[in-house]
Amino acid sequence: MRHPYRKFIQIELISLFLALLFGLAALVLGYFIILFLAFYFIVLSILCDAMILLQTRHSVEAGKQVMRGIILFLFTTYLLFQL
């Protein structure tokens, strides 16, 4: 039997793995745009976690994760346009 939130869990894990790869590539190559992509993948992972929490009726934790994702998204976008 498949887990009912399997897609969200897969997207969360894939985005974390891609964030790790892009973060390491940004460290080695020194490109800021790759670092911003890593941050956006972290935001995607946080939002997927929020969706999982919302579906499992943990609305307070889901709300906190959504706020974390929004703050990180806004901060990263602001830094992207300032460079």
Taking atom [atom1] of [X] and atom [atom2] of [Y], what is their separation to the nearest 0.5 Å?
X	Y	atom1	atom2	answer
Gln10	Arg6	CD	CZ	4.5 Å
Leu20	Ser45	CG	OG	12.0 Å
Leu24	Leu29	CG	CG	10.5 Å
Lys7	Cys48	NZ	SG	12.0 Å
Leu72	Thr77	CG	OG1	9.0 Å
Ile11	Tyr5	CD1	OH	15.0 Å

| request: Decide yes or no for Ile70 and Leu74: does some side-chain heavy atom of the first lie under 4.5 Å from some side-chain heavy atom of the second? | output: yes
| Validation row: Leu80, Thr76 side chains within 4.5 angstrom (heavy atoms) | no
Same cluster or not: [X] versus [Y], using hydrophobic residues (I, L, V, M, F, W, Y) connected whenever any side-chain heavy atoms lie under 4.5 Å apart?
X	Y	answer
Ile34	Phe75	yes
Met67	Tyr78	no
Ile9	Leu18	no
Leu37	Phe32	yes
Tyr31	Ile42	yes

| task | Over 60° means perpendicular and under 30° means parallel, so classify the ring planes of Phe41 and Phe22, tilted if in between. | result | parallel
| request: Would you kindly say whether Ser15 and Tyr40 are connected by a side-chain donor-acceptor distance under 3.5 Å? | output: no
Nearest non-hydrogen partners of [X] and [Y], listed with the distance:
X	Y	value
Gly69	Leu47	CA-CD2, 4.4 Å
Ile52	Phe8	CG1-CB, 3.5 Å
Ile46	Gln65	CG2-O, 3.1 Å

| field | Other residues, nucleotides, ligands: >12 heavy atoms within 6.0 Å of Phe36 CZ | value |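 Yes, enclosed.
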